[in-house]
Every structure is written in structure tokens, then in C-alpha cells.
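Reading through the C-alpha cells given below for one structure.
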Amino acid sequence: MKIGISQNGSKDLVEYPINQVMRVLHREASNIRHYENLKFLLNCYETQDEAKKVLKLYYEGRSLSLPPIKLNLGGLDMNDPYVLAYGTTNFDVFSIYMMNLCSLLGIQKYLNQGNSYQDIKDNPDEVKKLIFNEREEWLPKPVKLWRNKVAAHYAAADPKKNDNLMTLMDSLSAVPHYSFPRYTVSSMRIVVNGETSQLKEWSVTKVYEELTTKLALKPLGPLLNTLLVGPNGEKDPLLTHS
């Protein structure tokens, strides 16, 4: 027996949850992209209100003429508007749903081979193998590690023998950093007892954009700075790095 919700006349009964998960991934990545663009504008306007007004014009499709930008390339800023509003929440949700998407893609392949849910019950190892293959294909290792050590449950709450001290600390204290032009996590390399956190740096928007075409995801809006072009076609003509 096959029970599920199909869409648009499709016989693929896993299509609905897959599309639902893809929408969640787009929502989380889009939220971060908004703040990446806002952070970029905060380098040339004195207040957040001014930057928000310019960003609104950008979303309305108007051309922008920006003043010279003194760019802060990155670093820890506990007054950062994104850090204050969301912390690692978008990264947490994104990593969990990326894992879920891989699981659904594996189940989809199994059912599309003519199998049923009874076959899933009777042959769990076959399904798990397909899901593992999907994770190997689509789930970057830093995202999987973040899901396992932070998002699903903190490493400090469920320590493993191979977790070092800094990993346990990082699972509770990780904060997003702006590393131009994106927000990332696990970018700080603090040494404790001669070891650094086993968590690896990654960016939601970069991961999402790398998978957009491959998985037919809805595209993100572009990074605002990539749209700045000088009179001779050069990129980012107004930036002065510091």
C-alpha cells in the first residue's frame, strides 16, 4: 500500500514533503541573504534605518547610487543586527532540513523503484543505504557536523568519546560571523588544550546556491555587492577594503 499526498496529478507520493522541505530551506537562506545585504549597506550608512531604506529601494527594483564604502571584512560583533535577531537559528533549521531532504530523496528513489512502505519496513537496510548515498551526494560535511553537534542536540549534552573540549564548548557558544560577503558559523579557531573545535566553517547561502541548480531549488536574491559595476565593467568599484 502507498499512502501519501501527491501534487498536480503526480504519482510521486513523496513530492509534497520534498517541496515543503525545499521551501523551508529557501526561507532560511533568504533570511540570511537579507541580512548579508543589510550588513553590506551598514558599511556606508551611519544608521541601520538608513541602510534599511536603501535596501527597500533595492528590493523594489530601483537603481542604487551608493556612497564610498569602508568595508568591514568580518569578525565577531555582538551588536550585529543579524546576530542579535537570530543567532544561529537559521543555520540550525537549515542543517536539520538539509538532512531531512536527503532522507526524503532516498525514500523517493526506493518507492520509485516500485517498492511500497511495507518494503521499507521489511528492508530497512536497503532504504538506509539509499539515504546514506543521498547524504554523501548533497549534504556537505560541515553542515552534517553542525546538525549532529549543535542543531539536533548540543554536543555538550550528549558528548561522544571523540569530541574534544573545544567542540563541547562551541556547541553551546557558537555565534555567526560576517565574513564578507556572507554570514558563516564556526569561523573562529580558538585553541583549548592544544585543540580547536571540530566544527567546520560553513555558510547557508553558499551551500544553498551551490545546490540551487542541482536540486531545482528556488533561487535566492543576489548579493547586493555583486550588482555594483563601475564605468568600465569592473565589479565592486566603490569598495575600499580595510
Side-chain angles (χ1 to χ4, degrees), residues 25-95 98 140 142-143 146 150-151 170 173-190 196-197 199-213 217-242:
L25 294 174
H26 180 264
R27 181 192 71 199
E28 302 304 307
S30 294
N31 192 40
I32 297 178
R33 173 51 46 82
H34 168 76
Y35 278 92
E36 286 172 344
N37 284 332
L38 178 62
K39 184 71 171 182
F40 175 75
L41 289 173
L42 286 172
N43 286 282
C44 57
Y45 292 96
E46 292 185 3
T47 69
Q48 190 174 151
D49 286 341
E50 288 178 301
K52 284 182 176 179
K53 288 178 182 178
V54 174
L55 190 54
K56 184 175 183 293
L57 295 176
Y58 163 63
Y59 289 149
E60 292 172 353
R62 304 190 194 183
S63 59
L64 302 180
S65 178
L66 302 180
I69 300 169
K70 192 72 172 177
L71 188 63
N72 180 3
L73 293 178
L76 177 62
D77 180 4
M78 294 307 296
N79 292 316
D80 182 289
Y82 177 70
V83 173
L84 288 173
Y86 291 95
T88 64
T89 302
N90 297 124
F91 289 84
D92 298 342
V93 174
F94 186 90
S95 67
M98 269 302 304
V143 180
W146 183 271
V150 181
D170 207 15
S173 60
V175 176
H177 289 68
Y178 181 69
S179 180
F180 175 77
R182 303 176 189 272
Y183 281 100
T184 67
V185 288
S186 300
S187 58
M188 292 185 69
R189 297 287 91 188
I190 299 174
T196 61
S197 172
L199 296 172
K200 305 299 181 184
E201 185 178 17
W202 66 285
S203 156
V204 164
T205 55
K206 183 176 182 181
V207 169
Y208 188 94
E209 288 176 329
E210 289 175 347
L211 295 175
T212 297
T213 301
L217 299 170
K218 183 179 178 181
L220 294 180
L223 282 163
L224 193 154
N225 71 286
T226 63
L227 303 181
L228 300 180
V229 180
N232 298 315
E234 69 273 20
K235 291 287 186 179
D236 300 342
L238 303 177
L239 303 186
T240 55
H241 297 286
S242 61

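For the numbers below, each heavy atom of this structure counts, side chains included, while hydrogens, waters and symmetry mates do not. Starting from 1, each residue takes its place in the sequence as its number.
- Remark: Tyr35 pairs with no residue by the side chain to side chain donor-acceptor pair (under 3.5 Å) rule, at least two apart or across chains.
- Put simply, CD on Glu201 and CH2 on Trp146 are 11.0 Å apart, with the number rounded to the nearest 0.5 Å.
- A distance of 12.0 Å separates CD1 in Ile32 from OH in Tyr208, rounded to the nearest 0.5 Å.
- Taking each heavy atom of Val83 and Pro176 in turn, the nearest pair found is CG2-O, 3.5 Å.
- Taking all atoms of both residues into account, the shortest heavy-atom contact from Leu223 to Pro181 is CD2-O, 3.5 Å.
- For Asp92, there are no salt bridge (Lys or Arg N to Asp or Glu O under 4.0 Å) partners two or more places apart in sequence or in a different chain.
- One finds the CG atom of Leu42 at 8.0 Å from the CG atom of Asp80 (value rounded to the nearest 0.5 Å).
- Counting all heavy atoms, side chain and backbone alike, Leu211 lies closest to Met98 at CD1-CE, 3.7 Å.
- Scored by the side chain to side chain contact (heavy atoms under 4.5 Å, CB included) test, Lys206 finds Arg182, Ser203, Glu210 as partners (sequence neighbours excluded).
- In terms of the side chain to side chain contact (heavy atoms under 4.5 Å, CB included) criterion, residue partners of Pro219 (sequence neighbours excluded) are, by chain and number, Thr212.
- How far NZ of Lys39 is from CD of Gln48: 9.5 Å, rounded to the nearest 0.5 Å.
- Remark: Asn31 engages Asn90 in a side chain to side chain donor-acceptor pair (under 3.5 Å) (not counting sequence neighbours).
- Residues passing the ring pair (Phe, Tyr, Trp, His ring centres under 6.0 Å) test with Phe91, sequence neighbours excluded: Trp202.
- With sequence neighbours excluded, the residues that form a side chain to side chain contact (heavy atoms under 4.5 Å, CB included) with Ser173 are Asp170.
- With sequence neighbours excluded, no residue satisfies side chain to side chain donor-acceptor pair (under 3.5 Å) with Thr213.
- Here the straight-line distance linking atom CG of Asn37 with atom CG of Asn225 works out to 7.5 Å at 0.5 Å rounding.
- Atom CG of Leu41 and atom CD of Glu50 lie 11.0 Å apart (nearest 0.5 Å).
- Residues meeting the side chain to side chain contact (heavy atoms under 4.5 Å, CB included) test with Glu60, sequence neighbours left out: Lys56, Leu57, Arg62.
- Partners of Glu36 under the side chain to side chain donor-acceptor pair (under 3.5 Å) rule, at least two apart in sequence or in another chain, are Arg33, Thr205.
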